[in-house]
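Just below is one structure, and these are the notes that go with it.
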Amino acid sequence: MELAKSKFYTEEDYYSLPENIRAELIDGELIYNQAAPSRKHQTILMEVAGTIRDYIKTKAGSCHVYPAPFAVKLWEDRNTIVEPDISVICDEDKLTDRGCTGAPDCIIEIVSQGNLRQDYVLKLNLYNEAGVREYWIVDPAKSSVFVYYLEKSNFKAEAYTFNDKIKVNIYEDLYIDFKGFVD
């Protein structure tokens with residue numbers, strides 16, 4: 001008995017989804033994000049994105065910060081489009097009307113209990129392979145943050161708690177302090 005083959009989805013399929021459907025396309029597989037984010041998730045997203053945006057503005061920087069939903073096509077020739085919670089892109093040539101094509105400089109994912117494996121394993125490997133310079137996994141349930149930053153061709157990891165001031169490594173003097181915006 002032959003096993004049923006799953007459908008291979010393309011970028012066209014991804015962009016044809018109804019606007020109210022949130023999904024990511026990873027190597028031709030559509031992965032649906034079913035649950036709405038929690039209030040704590042959204043608070044962290046807004047505060048971290050706002051802190052980075054304000055920093056860029058005060059430094060007259062050229063980088064851009066985009067919160068989800070924001071499509072990031074990691075490779076031109078691969079059917080992989082993700083929607084990180086926060087994307088920081090410093091190369092304007094990567095920005096398109098649809099989002100970003102190529103690896104952002106920094107990606108921050110805020111995990112939910114339903115997507116632990118996706119953020120801790122699948123996306124960690126994708127972002128490393130794509131050349132994302134810095135990847136944060138923020139886990140509200142554990143009050144922890146794992147910061148992975150590209151050193152040569154592999155990620156180096158550092159672990160923090162919400163009690164730490166955490167350096168954003170793509171910048172010289174930007175730190176995120178979670179104590180002020182989580183309860």
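- Classified by interplanar angle (parallel below 30°, tilted 30° to 60°, perpendicular above 60°), the ring pair F162/F178 is parallel.
- Looking at N125, its side chain never comes within 3.5 Å of a backbone N or O of L122 through a donor-acceptor pair.
- Closest approach of E83 to P69, counting heavy atoms only: OE1-CB, 3.5 Å.
- Heavy atoms only, all atoms of each residue included: V82 and Y127 are closest at CG2-OH, 3.7 Å.
- Without hydrogens or angle criteria, D105 side chain to I89 main chain gives no donor-acceptor distance under 3.5 Å.
- Between N79 and D13 there is no side-chain heavy-atom pair separated by less than 4.5 Å.
- What you find for I81 and A71 is that their closest heavy atoms are CG2-CB, 3.8 Å.
- Note on D173 versus K167: no salt bridge recorded, every NZ/NE/NH1/NH2 to OD/OE distance being 4.0 Å or above.
- Under the 3.5 Å distance criterion, with hydrogens and angles disregarded, no donor-acceptor pair is assigned to the side chains of D139 and S144.
- Taking the ring centre of Y149 as origin, the terminal cationic atom of R133 falls outside the region bounded by 6.0 Å and 45° from the ring axis.
- H41 contributes a side-chain N or O that, together with a main-chain N or O of I110, makes up a donor-acceptor pair within less than 3.5 Å.
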Run the side-chain hydrogen bond (donor to acceptor under 3.5 Å, both in side chains) check on Q118 and E109 step by step: do they pass?
CA-CA 10 Å; Q118 190 172 332; E109 295 282 10; over 6 Å; no
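- Scanning all heavy atoms of the two residues, the minimum distance from T161 to I166 falls at O-CD1, 4.2 Å.
- For Y9 and Y14, the gap between ring centers reaches or exceeds 6.0 Å.
- The side-chain heavy atoms of V145 and V147, taken from C-beta on, include a pair separated by under 4.5 Å.
- Taking 4.0 Å as the cut-off between side-chain N and carboxylate O, K7 and E29 do not count as a salt-bridged pair.
- Looking only at distances, a side-chain donor or acceptor of T80 sits under 3.5 Å from a matching main-chain atom of D27.
- In this structure, the separation between CD1 on I107 and OH on Y135 is 8.0 Å, given to the nearest 0.5 Å.
- A donor-acceptor pair under 3.5 Å links the side-chain atoms of T58 to the main chain of Y55, judged by distance alone.
- Checking side-chain atoms of D91 against main-chain N and O of D93 turns up a donor-acceptor pair under 3.5 Å.
- Scanning both residues, I56 and C63, for their nearest heavy atoms gives CG2-O, 3.4 Å.
- Of all non-hydrogen atoms in A159 and F146, the two that sit nearest each other are CB-CE2, 3.7 Å.
- Using a 4.0 Å cut-off between a side-chain N of Lys or Arg and a carboxylate O of Asp or Glu, K156 and E134 do not qualify as a salt bridge.
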